[in-house]
Protein chains: 2
Amino acid sequence: MNTRTLKLVAVDAGGTRQERKQRTRQALLDAALGAQQSLASLSLREVTREVGIVPTAFYRHFASMDELGVELVEEAMRPLRAMLRDARKRPAGDAIRGSVDILVNQVGKHAPHFRFLLRERHGDVPSVRRAIAAELRLLGSELAVDLGRFPGLADWSAEDLRMGADLMVGAMMSIVTALLEVGEHPDDRAQVVSVAEGQLRLIVLGMAAWRSLPA
Amino acid sequence: MNTRTLKLVAVDAGGTRQERKQRTRQALLDAALGAQQSLASLSLREVTREVGIVPTAFYRHFASMDELGVELVEEAMRPLRAMLRDARKRPAGDAIRGSVDILVNQVGKHAPHFRFLLRERHGDVPSVRRAIAAELRLLGSELAVDLGRFPGLADWSAEDLRMGADLMVGAMMSIVTALLEVGEHPDDRAQVVSVAEGQLRLIVLGMAAWRSLPA
DNA sequence: CTTTTGAGTGTACGCATGTACACCCAAAAA
DNA sequence: TTTTTGGGTGTACATGCGTACACTCAAAAG
């Protein structure tokens, strides 16, 4: 009875050789992500079992779990990038409420990816940790550029913008944590959203008041 | 050659029966902490090997690794509590600079504990995750009370204080992450400290400006 | 002094793992 | 049409794991 968990990720026939390979590869990524287990404690055999191929076939696609993990980082960062892009488009009605809204939607749609990032950010696999750290730094620097375009922040130094942007990225990760852990009850969810908006607003207010005490 | 890594945690004779047991128990905790591996990927045998006892003797002290992990959470939270207590004592010279100073010291002194908390906060062991989440919530509520004692914040609602406190706790965790990952070079460390101070200052400024737009 | 207790021992077992190796056989290349 | 390629197969093995079970033997209790 402990044989298979419904083989969610299985892949069948059809298409050219390249396509089939690509599909198996993606199935491996999906299985690793769906396992809801840290890479370090996830076995190659579990993943291949889920996909429906033999263990040794794993190596036709990745040299190791670590390598799969690094690939997964890039895939998991896409929703985060998408968020930033969406927030950028949104002109400025209520920028904060809109941003939190986008965040909530993305987390709802890509929960496993966010879980993966939070888990492996401090996980056992050094290459994956570094990959996530690098991507988050990149995200921070992009957000810093965006912030610099705001009217009130035009004269800020690059370092100060970066500091503010990194604070926001960190706060967003905390918010994502809260969103992933809150139950289904609408009141609880509303509470988390309202706290999230308040926290971002606090940061924005702080930035508005910043220039009174320069370096 | 791959037999032992110097048995850092070993425990020898001397003392009453209770004392010896307590010492072995602590050695197990130390070994698990020092392993720099997530609980889920850390084997009972590795831990007992490091301590210098036979695997089955583990169960004289803990029913499972998970249980050891929960115990470790409490131990790891002590430095964090100590921080808050120290920061409370410090009157108000430059509260932020002082707090960051305390943080840097505690992280330097208890790096493995902080690493453990960051790792297991999103790790594979549910009971440990929950324990850390609960402790951090508690820390947030204590900090909220402390914040409420500040003159400018005396009229804040409990929820708003909590929101600000949680934002600060989250920011501190980001700062701890940065401190644990930065290299030895003094310039790099100074940079991290300066960014940390700036971020906390940003939050404080935000709180000072908050009341202009209430609920 | 005798009995009981309990931390630590040693063996033994079944199980899951990573991966080496030889193989297969349809699609792609020639 | 023939040859080559390469994703997937199946067997096999050594290793490390958790833990069941029967044990020892000082320290603590009587």
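We name chains A, B, ... by the order of the sequence lines, and we start the count at 1 in each one.
Between the C1' atom of C:dA27 and the CZ atom of A:R23 lies a distance of 14 Å, rounded to the nearest Å. With rounding to whole Å, A:R49 atom CZ is found 16 Å from D:dT9 atom C1'. Summarising the geometry, the separation between CD on A:Q37 and P on C:dA16 is reported as 14 Å, rounded to the nearest angstrom. With rounding to whole Å, A:K21 atom NZ is found 17 Å from C:dA27 atom P. Atom CD of B:Q26 is separated from atom C1' of C:dA7 by 17 Å (rounded to the nearest Å). Following rounding to the nearest Å, B:R45 (CZ) and C:dT11 (P) show an atom-to-atom distance of 12 Å. Atom-to-atom, CZ of B:R25 to P of C:dA7 comes out at 11 Å; the value is rounded to the nearest Å. In this structure, CZ of B:F62 is placed 12 Å from P of C:dA7, rounded to the nearest angstrom.
Here the side chain of A:D188 pairs no donor or acceptor atom with the backbone of A:G183 at under 3.5 angstrom.
The nucleotide whose nearest atom lies closest to any side-chain atom of B:T56 is, among C:dA20, C:dG18, D:dA20, D:dA20. Between C:dT17, C:dG8, C:dA28, one nucleotide has an atom nearer to the side chain of A:T16 than all others, and that is C:dA28. When the nucleotides D:dG8, D:dG18, C:dA7 are ranked by their closest atom to the side chain of B:H61, C:dA7 comes out on top.
Between B:T24 and C:dA7 there is no side-chain polar atom (N or O) within less than 4.0 angstrom of OP1 or OP2. A:S43 has no side-chain polar atom (N or O) that falls below the 4.0 Å cut-off from OP1 or OP2 of C:dA16.
Within 4.0 Å (heavy atoms only), A:E19 reaches no atom of the nucleic acid at all.
Side-chain to base pairing of A:R20 with D:dG7: no donor and acceptor N or O lie closer than 3.5 Å to each other.
When each of A:A57 and B:R17 is assigned the nucleotide of DNA chain D bearing its nearest heavy atom, the one mapping closer to the 5' terminus is A:A57. Each of B:Q18 and B:L42 has a nearest nucleotide on DNA chain D; the 5'-most of these lies closest to B:L42. Judged by closest nucleotide on DNA chain C, A:R60 is the one of A:R60 and A:G15 placed further toward the 5' end.
Scanning all heavy atoms of the two residues, the minimum distance from A:E67 to A:F62 falls at OE2-CA, 3.9 Å. Closest approach of B:A171 to B:L200, counting heavy atoms only: CB-CD2, 4.4 Å.
Between the side chains of A:Q26 and A:D30, at least one donor N or O lies within less than 3.5 Å of an accepting N or O.
Of the listed residues (B:V107, B:L117, B:L80, B:V104), just one forms a side chain to side chain contact (heavy atoms under 4.5 Å, CB included) with B:V176, and that residue is B:V107.
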